[in-house]
Asks: 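I'd like to ask some things about the structure below.
Quick note: numbers below take in every heavy atom, side chains included, and nothing from hydrogens, waters or symmetry partners.
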Amino acid sequence: MQPKFLLLDRRARQIAGVAIGADPDLLLTTKQMAEWFGVSTQWLEIGRSKNYGPPFRKIGRKTVRYHVGEVKAWLDARSHHSTAEYNKPEVA
């Protein structure tokens, strides 16, 4: 299944590059994640409720964290060299 296109996809490669030196086991808060992606915390919160955006972990009733390694993998899957690649079917 092709991931839903987000405007963030245009910057996926650039955003992933920022975390190259980051510990892949690091857990980020919503605020830290928003700063890394250059989006608002509201964008991430809405994305969690509408099933788009980076993968997250619910640690407690009100505690959400983003695992850097999982987010980088999510970004890598969304990286494209051209817009023509958006519509390519996934290879099984």
Side-chain angles (χ1 to χ4, degrees):
M1 183 173 116
Q2 189 74 9
K4 180 178 178 179
F5 175 76
L6 303 172
L7 292 177
L8 185 72
D9 292 346
R10 294 180 183 159
R11 298 183 302 127
R13 192 174 308 252
Q14 173 190 3
I15 294 168
V18 172
I20 287 175
D23 179 3
D25 291 328
L26 188 64
L27 294 174
L28 302 177
T29 64
T30 301
K31 184 177 178 184
Q32 292 169 323
M33 190 70 207
E35 289 172 5
W36 176 23
F37 271 29
V39 298
S40 67
T41 56
Q42 292 84 3
W43 185 87
L44 291 166
E45 291 164 355
I46 292 168
R48 289 194 303 259
S49 68
K50 296 198 180 230
N51 200 25
Y52 69 81
F56 63 93
R57 296 180 181 197
K58 188 124 173 149
I59 308 285
R61 207 173 110 214
K62 293 185 177 183
T63 307
V64 172
R65 295 291 184 265
Y66 294 87
H67 186 262
V68 170
E70 291 174 1
V71 173
K72 260 189 87 3
W74 179 81
L75 284 168
D76 289 342
R78 302 182 77 78
S79 295
H80 302 284
H81 293 287
S82 71
T83 55
E85 292 181 0
Y86 293 149
N87 297 325
K88 280 188 179 178
E90 289 189 13
V91 178

Asks: Report, as yes or no, whether the 6.0 Å neighbourhood of atom NZ on K31 holds more than 12 heavy atoms from other residues, nucleotides or ligands.
Replies: no

Asks: Applying side chain to side chain contact (heavy atoms under 4.5 Å, CB included) to D25 and H67, what does each step give before you reach the verdict?
Replies: CA-CA 6 Å; D25 291 328; H67 186 262; 3.6 Å; yes

Asks: Looking at side-chain heavy atoms only, is the closest gap between P54 and M33 below 4.5 Å?
Replies: yes

Asks: What distance do L26 atom CG and Y66 atom OH have between them, rounded to the nearest 0.5 Å?
Replies: 14.0 Å

Asks: One pair to check against side chain to side chain contact (heavy atoms under 4.5 Å, CB included): V64 and I59. What are the steps and the verdict?
Replies: CA-CA 6 Å; V64 172; I59 308 285; over 6 Å; no

Asks: Looking at P55 and V71, what are the two nearest heavy atoms and their distance?
Replies: O-CG2, 3.9 Å

Asks: Which one of E35, R65, Q42, R48 satisfies the side chain to side chain donor-acceptor pair (under 3.5 Å) criterion with T30?
Replies: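 Of the listed options, the one satisfying the test is R48.
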
Asks: Please assess K58 against T63 for the test side chain to side chain contact (heavy atoms under 4.5 Å, CB included), listing each intermediate value before the final yes or no.
Replies: CA-CA 6 Å; K58 188 124 173 149; T63 307; over 6 Å; no

Asks: Can you give me the closest heavy-atom contact between A34 and S40, atom names plus distance?
Replies: CB-C, 3.9 Å

Asks: Would you compute the distance between atom CG of N51 and atom CD1 of I46 and round it to the nearest 0.5 angstrom?
Replies: 14.0 Å

Asks: Tell me, with the steps shown, if V39 and L44 meet side chain to side chain contact (heavy atoms under 4.5 Å, CB included).
Replies: CA-CA 8 Å; V39 298; L44 291 166; 4.2 Å; yes

Asks: Flag yes if L28 and Y52 sit in one hydrophobic cluster, no otherwise; membership is Ile, Leu, Val, Met, Phe, Trp, Tyr, and two members link when side-chain heavy atoms are under 4.5 Å apart.
Replies: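 Yes.
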
Asks: Using 30° and 60° as the class boundaries, would you call the ring planes of F37 and W74 parallel, tilted or perpendicular?
Replies: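 F37 and W74: parallel rings.
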
